[in-house]
Amino acid sequence: MSKLNDFLTEAGVFFLATTDGSQPKLRPLGAHFEMDGKVLFGVGDFKDVYKQMVANPLVEISAAKPDGKWLRYTGKVVFDTDPKYAAAMLEALPQLKEVYNEKTGYKLAMFHLEEATAVVIPMMGPGEPIE
């Protein structure tokens, strides 16, 4: 997981693909961290992206680095309901506390991917799986 987390950190912004019925949906994200052997992500539980992942947990994450290498991380969303994960995300990115707090009532839904594959692909040539 460290190689995956490192790639996402170096890329800065990555894209999460979901589906809304038969329509693909793609959005940029940046928040992630590694904990308990998992790379964790967070989205608002009031957002369409959350509803889309509940309806169809199969997603793909893609990221690119300036050197031309890019990542395809595909798997099944598993929501992590232990509050320690959301608390860790809010500590890592305190600006999120302006959105996710008792006053707004918005909650951060944390998730990781299972049954997943991660491949780093150079600009030219075959990809290499991240184990």
Side-chain angles (χ1 to χ4, degrees):
M1 285 295 131
S2 291
K3 289 181 184 179
L4 173 64
N5 191 62
D6 292 347
F7 193 103
L8 293 170
T9 298
E10 289 177 41
V13 174
F14 52 91
F15 294 86
L16 172 66
T18 61
T19 56
D20 187 6
S22 62
Q23 179 64 48
K25 296 291 184 174
L26 187 67
R27 80 267 305 138
L29 298 176
H32 67 93
F33 66 95
E34 188 174 359
M35 186 174 179
D36 296 337
K38 303 181 271 193
V39 176
L40 293 134
F41 307 92
V43 296
D45 69 353
F46 60 96
K47 293 185 174 186
D48 287 343
V49 63
Y50 173 79
K51 295 170 192 164
Q52 292 158 7
M53 291 189 298
V54 168
N56 180 357
L58 300 177
V59 301
E60 187 163 277
I61 292 172
S62 182
K65 296 194 305 186
D67 67 3
K69 290 182 181 173
W70 63 284
L71 169 77
R72 176 177 284 154
Y73 183 39
T74 305
K76 183 177 181 179
V77 168
V78 175
F79 289 100
D80 295 285
T81 57
D82 188 323
K84 72 180 183 180
Y85 297 119
M89 179 71 81
L90 294 173
E91 285 306 310
L93 297 166
Q95 64 271 27
L96 292 177
K97 292 178 184 179
E98 294 176 25
V99 176
Y100 302 102
N101 59 56
E102 288 184 22
K103 184 177 178 183
T104 65
Y106 295 146
K107 295 196 180 353
L108 196 56
M110 301 300 299
F111 68 95
H112 70 278
L113 301 187
E114 289 189 358
E115 302 173 29
T117 59
V119 179
V120 174
I121 304 164
M123 191 177 298
M124 299 295 291
E128 294 182 23
I130 295 178
E131 308 258 343

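As the structure is a prediction and not an experimental result, all values here were calculated from the model.
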* Measure across Glu60 and Thr74 and return the closest heavy-atom pair with its distance rounded to 0.1 Å. => OE1-OG1, 2.6 Å
* Quick one: are Phe111 and Lys38 in side-chain contact, heavy atoms under 4.5 Å? -> no
* To do: Answer with yes or no whether the hydrophobic clustering places Phe14 together with Leu93; edges join I, L, V, M, F, W, Y residues whose side-chain heavy atoms lie under 4.5 Å apart.
  => no
* To do: Spell out, as yes or no, whether a donor-acceptor pair under 3.5 Å connects the side chain of Ser62 to the backbone of Leu71.
  => yes
* Structure fact -> Interatomic distance, CG@Asn5 vs CD@Glu34, rounded to 0.5 Å, equals 5.0 Å
* To do: Return the minimal non-hydrogen interatomic distance between Thr104 and Val99, and the atom names on each side.
  => OG1-O, 2.5 Å
* To do: Please name the pair of heavy atoms, one in Val13 and one in Ala63, separated by the smallest distance, quoted to 0.1 Å.
  => O-CB, 4.2 Å
* To do: List the atom of Ala31, the atom of Met89, and the distance in Å for their closest heavy-atom pair.
  => CB-SD, 3.7 Å
* Step by step, would you call Asp48 with Lys25 a side-chain contact (heavy atoms from CB on, under 4.5 Å)? -> CA-CA 10 Å; Asp48 287 343; Lys25 296 291 184 174; over 6 Å; no
* Shared hydrophobic cluster for Met53 and Leu29 (ILVMFWY, side-chain gaps under 4.5 Å) -> yes
* Between the side chain of Tyr100 and the main-chain N/O of Gly44, is any donor-acceptor distance below 3.5 Å? -> yes
* Any side-chain heavy-atom pair from Tyr73 and Leu4 closer than 4.5 angstrom? -> yes
* To do: Can you establish whether the number of heavy atoms outside Glu98 located under 6.0 Å from its atom CD is more than 12?
  => no
* Can you hop from Val39 to Val120 via hydrophobic side chains spaced under 4.5 Å? -> yes
* CA sep, side-chain torsions, deciding dist, call: Phe41, Tyr85, ring pair (Phe, Tyr, Trp, His ring centres under 6.0 Å) -> CA-CA 9 Å; Phe41 307 92; Tyr85 297 119; over 10 Å; no
* Structure fact -> Taking every heavy atom of Ala64 against every heavy atom of Ala11, the minimum-distance pair comes out as O-CB, 3.4 Å
* Determine whether more than 12 heavy atoms belonging to other residues, nucleotides or ligands lie under 6.0 Å from atom NZ of Lys65. => yes
* Centroid-centroid under 6.0 Å between His112 and Phe79 rings -> no
* Decide whether Thr18 and Arg27 meet the rule of one side-chain donor and one side-chain acceptor closer than 3.5 Å. => yes
* Using a 4.5 Å cut-off on heavy atoms from C-beta on, say whether the side chain of Lys84 contacts that of Met35. => yes
* To do: First locate atom CG of Leu26, then atom OG1 of Thr19, and finally report the distance between them rounded to the nearest 0.5 Å.
  => 12.0 Å
* To do: Using the side-chain contact (heavy atoms from CB on, under 4.5 Å) rule, take Thr9 and His32 through it: C-alpha gap first, then chi angles, then the decisive distance, then the call.
  => CA-CA 8 Å; Thr9 298; His32 67 93; 3.1 Å; yes
* Hey, could you give me the CG/CG distance between Leu108 and Asp80, rounded to the nearest 0.5 Å? => 11.0 Å
* Identify whether Leu90 and Met110 are in the same connected component of the hydrophobic contact network (ILVMFWY, side-chain heavy atoms under 4.5 Å). => yes
* Asked: Just by distance, do the side chain of Asn101 and the backbone of Lys103 share a donor-acceptor pair under 3.5 Å?
  -> yes
* Asked: Can Lys97 and Glu91 be said to form a side-chain contact (heavy atoms from CB on, under 4.5 Å), step by step?
  -> CA-CA 9 Å; Lys97 292 178 184 179; Glu91 285 306 310; 3.0 Å; yes
* Asked: Less than 4.0 Å between a side-chain N and a carboxylate O, is that true for Lys107 and Glu102?
  -> no
* Asked: Looking only at heavy atoms, what is the nearest atom pair of Pro24 and Ser22, with distance?
  -> CD-O, 3.5 Å
* Asked: Honestly curious: do Val77 and Leu16 fall in one hydrophobic cluster under the side-chain, below-4.5 Å linking rule?
  -> yes
* **Derivation and outcome, side-chain contact (heavy atoms from CB on, under 4.5 Å), residues Leu8 and Ile61** => CA-CA 10 Å; Leu8 293 170; Ile61 292 172; 4.3 Å; yes
